[in-house]
Amino acid sequence: RTFQHPALFEGLNVLDNVCLAATARKPWNVLADVFGTQSSKATVEAAREKAHGWLSFVRLQSKALQPIASLTPAERRLAEVARALAADPKLLLLDEPFAGMTQSEALSLCGLIQQVRASGISVILIDHNMSVVMKMADKVTVLSFGRLIADGTPAEVRQSEEVISAYLGKEHVAASA
């Protein structure tokens, strides 16, 4: 999963943040790691290779050795997405991934999310950017103050008076008519 406010390890560089997730499901052997056995070295090398692959996917490969703190907010989100993907998820939960992004950055991330979905990974997207959600989702569930107000296809949800009132605004009705 990713978080609404990126939760990255500030003291590490971009590559090491992603490498941590790539090793998350590997058995850990303290002695092998302390003594740097062949299997330990192979695990680390495989994690680095996987991390480089995901950083390339999110277009951060050139920043792999930079400290996380040096990234822009949008780049930090991409690093967090790469880290989540490095853990080999079957389901990816993205919490407010477009927050603080420009329209251009959000569209770029949309393309990456669509590629993730096309690869067979299911995606749950939690976001207030309704235009992006409506373009990307197969199914939309809308809550307002913790109460379910709509559930269905984007076309169905778009027609809900409660959704229009709570999130889309009356201008949306005029624009989509």
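Note that the structure is predicted; figures quoted are calculated from it, not measured.
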Please report the shortest heavy-atom distance between His52 and Ala64, naming the atom on each side.
CE1-CB, 4.3 Å

Inspect the contact between Glu162 and Arg147 and indicate whether a charged nitrogen and a carboxylate oxygen are less than 4.0 angstrom apart.
yes

Honestly curious: do Leu65 and Leu60 fall in one hydrophobic cluster under the side-chain, below-4.5 Å linking rule?
yes

Which distance, rounded to the nearest 0.5 Å, do you find between the NZ of Lys50 and the CD of Glu45?
13.5 Å

Closer than 3.5 angstrom, by distance alone: can the side chain of Gln159 be matched with the main-chain N or O of Glu156 as a donor-acceptor pair?
no

Answer whether the closest heavy-atom distance between the side chains of Arg59 and Leu112 falls below 4.5 Å.
yes

Got Met134 and Val157 here, is their nearest side-chain heavy-atom distance under 4.5 Å?
yes

Side chain to side chain, Ile113 and Met136, heavy atoms closer than 4.5 Å
yes

Atom CD of Glu49 with >12 non-hydrogen neighbours under 6.0 angstrom
no

What is the distance from atom CG of Asp138 to atom OG1 of Thr153, rounded to the nearest 0.5 Å?
10.0 Å

Phe57 side chain reached by Gln115 side chain, heavy atoms, under 4.5 Å:
yes

Transitive ILVMFWY side-chain link Val142 to Leu148, under 4.5 Å
no

Heavy atoms, side chains only, cut-off 4.5 Å: are Ile68 and Phe9 in contact?
no

May I have the step-by-step check of side chain to side chain contact (heavy atoms under 4.5 Å, CB included) for Leu55 and Leu15, ending in yes or no?
CA-CA 8 Å; Leu55 287 173; Leu15 178 65; 4.0 Å; yes

Evaluate the side chain to side chain contact (heavy atoms under 4.5 Å, CB included) criterion for residues Val132 and Asp127: first the C-alpha distance (whole Å), next the side-chain angles of each, then the deciding distance (0.1 Å), finally the verdict.
CA-CA 9 Å; Val132 172; Asp127 209 284; over 6 Å; no

d(Glu75 CD, Glu80 CD) to nearest 0.5 Å is 14.0 Å

Please find the pair of heavy atoms, one from Val14 and one from Ala79, that lie closest to each other, and give the distance.
CG1-CB, 4.4 Å

Would you say that Pro97 contacts Leu109 through its side chain, given a criterion of any heavy-atom pair below 4.5 Å between the two side chains?
yes

In plain terms, say whether Asp16 and Arg48 are close enough for a salt bridge, that is, a side-chain N and a carboxylate O under 4.0 Å apart.
yes

Within the structure provided, determine whether Leu8 and Arg76 are in side-chain contact (heavy-atom separation under 4.5 Å).
yes

Interatomic distance, Ile124 atom CD1 to Leu93 atom CG [nearest 0.5 angstrom]
6.0 Å

Between Gln66 and Ser62 the two heavy atoms that sit nearest each other are NE2-O, 4.4 Å

Rounded to the nearest 0.5 Å, how far apart are CG of Leu20 and CG of Leu12?
6.0 Å

Any side-chain heavy atom of Val133 within less than 4.5 Å of one from Leu125?
yes

Measuring from atom CZ of Arg117 to atom CG of Leu92, what distance do you get when rounded to the nearest 0.5 angstrom?
11.5 Å

Correct closest heavy-atom pair for Leu71 and Lys63 would be CD2-CD, 3.7 Å

Looking only at heavy atoms, the pair that brings Ala74 and Met101 closest together is O-CE, 3.9 Å

